[in-house]
Amino acid sequence: MNINISAHDQVTLVEVSGRIDSMNAHQLGEALSAEIDSGHTQIVLDLANVEYMSSAGLREIVSALKKVRGTGDVRLSQPSPRVQEVLEMAGLDTIFQIFPNPIEAVGSY
Amino acid sequence: MNSGVSHLRIAGLLEQVALACEFVVQEARKAGLDDHAVYHCELAVDEACTNIVEHGFRLRGGQQSIDIFCHSDSRRFIITLVDDAPPFNPLTQAEPDPRAPLEQRSSGGWGIHFIKQLMDEATYQYHDNRNHLTLVKFFRDIPN
């Protein structure tokens, strides 16, 4: 898994690629927490290049969403059909705002 | 297609779970499941093995192992995970509610729910001092 973080005005774009599973999900959680702890609470998580995400990955993004609740948001962009299926199984497709591309997601703030 | 039983043993460590996934993907493809069904088997085995390592083996320092058996018959691809953690039936544990609002959710706990959703059948037995979790995926096109 690779994580690339960039700032777009007040929005933080977190682009993840590869496989998110129980071995590495904590790295995503730590990256999101570091941003939130430094005051960057308007986050877009771009999942276009995530080919696989287990429940360990979901745990981290739900934790991040709970952490920013009230001060910001975590919005998702272009999940693959497989990641979308995982989000739907956990009912998270109705809890996260999901956008078709990162430009729209960043612009939504 | 009937097949012999294939077997892999992994150490009870999170870093070994990916090996179990690779093995199941290879065996599921060999059995003739389609790509989507293969992915379902991979994710279900990932969740099940992670659960065993994180909860079943938590206090035992990674000295245990998980045996993964795969075989198929004309209708189904069958995966059995066998471990010697204390007796634990994951299929009877309370599951999180996918309709719950964010404030009523804990962050995790979705593994068992996923296993039940992804596989056509899941059964648990405890015998010979070991947990046996059997996961079944039916072939979509059953040969005549």
Side-chain angles (χ1 to χ4, degrees), chain A residues 1 18-33 36 41 43 45 47 49-76 79-98, chain B residues 10-22 24-25 34-58 62 66 90 93 95-119 122:
Chain A
M1 178 181 66
R19 181 184 173 97
I20 307 173
D21 59 21
S22 54
M23 264 306 286
N24 61 19
H26 67 281
Q27 293 167 9
L28 175 61
E30 286 160 9
L32 292 169
S33 285
I36 295 164
T41 59
I43 294 172
L45 186 60
L47 300 170
N49 294 309
V50 174
E51 73 255 18
Y52 180 97
M53 182 161 68
S54 72
S55 68
L58 290 190
R59 184 167 56 206
E60 300 300 339
I61 65 173
V62 170
S63 290
L65 182 61
K66 282 173 163 271
K67 209 168 175 180
V68 299
R69 246 309 140 95
T71 59
D73 200 5
V74 176
R75 298 178 184 175
L76 308 182
S80 67
R82 286 183 175 184
V83 172
Q84 179 74 27
E85 184 181 23
V86 166
L87 292 168
E88 288 174 6
M89 278 194 294
L92 291 172
D93 55 318
T94 60
I95 287 187
F96 283 96
Q97 289 192 54
I98 302 176
Chain B
I10 62 166
L13 300 166
L14 279 184
E15 48 267 50
Q16 297 259 306
V17 172
L19 297 176
C21 293
E22 285 170 23
V24 167
V25 165
D34 63 59
D35 284 349
H36 200 214
V38 170
Y39 162 67
H40 283 180
C41 292
E42 177 184 13
L43 186 51
V45 166
D46 186 345
E47 299 292 353
C49 289
T50 297
N51 210 45
I52 293 165
V53 173
E54 288 188 337
H55 302 292
F57 294 159
R58 185 171 44 187
I66 304 172
Q93 304 307 305
E95 291 177 51
D97 181 0
R99 295 162 302 180
L102 181 66
E103 53 275 12
Q104 289 175 17
R105 288 170 176 252
S106 60
S107 300
W110 290 99
I112 304 305
H113 176 74
F114 282 9
I115 292 167
K116 290 181 179 176
Q117 294 287 311
L118 293 164
M119 302 304 290

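Per chain, numbering begins at 1; letters A, B, ... match sequence-line order.
- With a 4.5 angstrom heavy-atom cutoff, B/C21 touches chain A only via side-chain atoms.
- To the nearest 0.5 Å, atoms CZ (A/R59) and CZ (B/R105) are separated by 15.0 Å.
- Heavy-atom pairs under 4.5 Å with chain A were tallied for B/Q117, B/E47, B/H36; the largest tally goes to B/E47.
- Proximity to chain A involves both the backbone and the side chain of B/D35, based on heavy atoms less than 4.5 angstrom apart.
- Of the two parts of A/E88, neither the backbone nor the side chain holds a non-hydrogen atom closer than 4.5 Å to a non-hydrogen atom of chain B.
- Salt-bridge annotation for A/R19 and B/E42: present, with a side-chain N of the basic residue lying under 4.0 Å from a carboxylate O of the acidic one.
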I'd like to know whether A/R82 forms a side-chain contact (heavy atoms from CB on, under 4.5 Å) with B/L43, so could you lay out the CA-CA distance, the side-chain angles of the two residues, the decisive distance to 0.1 Å, and finally the verdict.
CA-CA 10 Å; A/R82 286 183 175 184; B/L43 186 51; over 6 Å; no
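- Going from atom CG of B/L13 over to atom CE of A/M23 covers 9.5 Å, rounded to the nearest 0.5 Å.
- When all heavy atoms of A/I95 and B/P101 are compared, the closest pair comes out as CD1-C, 4.3 Å.
- With hydrogens and angles disregarded, no donor-acceptor distance shorter than 3.5 Å links the side chain of B/H113 to the backbone of A/A90.
- B/W110 approaches A/M89 most closely through the heavy-atom pair CZ3-O, 4.1 Å.
- Expressed to the nearest 0.5 Å, how far CG of B/L102 lies from CG of A/L65 amounts to 5.0 Å.
- Side-chain contact between B/D46 and A/D21: present, with at least one pair of heavy atoms (C-beta onward) separated by less than 4.5 Å.
- Counting heavy-atom pairs closer than 4.5 Å to chain B, the top-ranked of the candidates A/E85, A/R69, A/M53 is A/E85.
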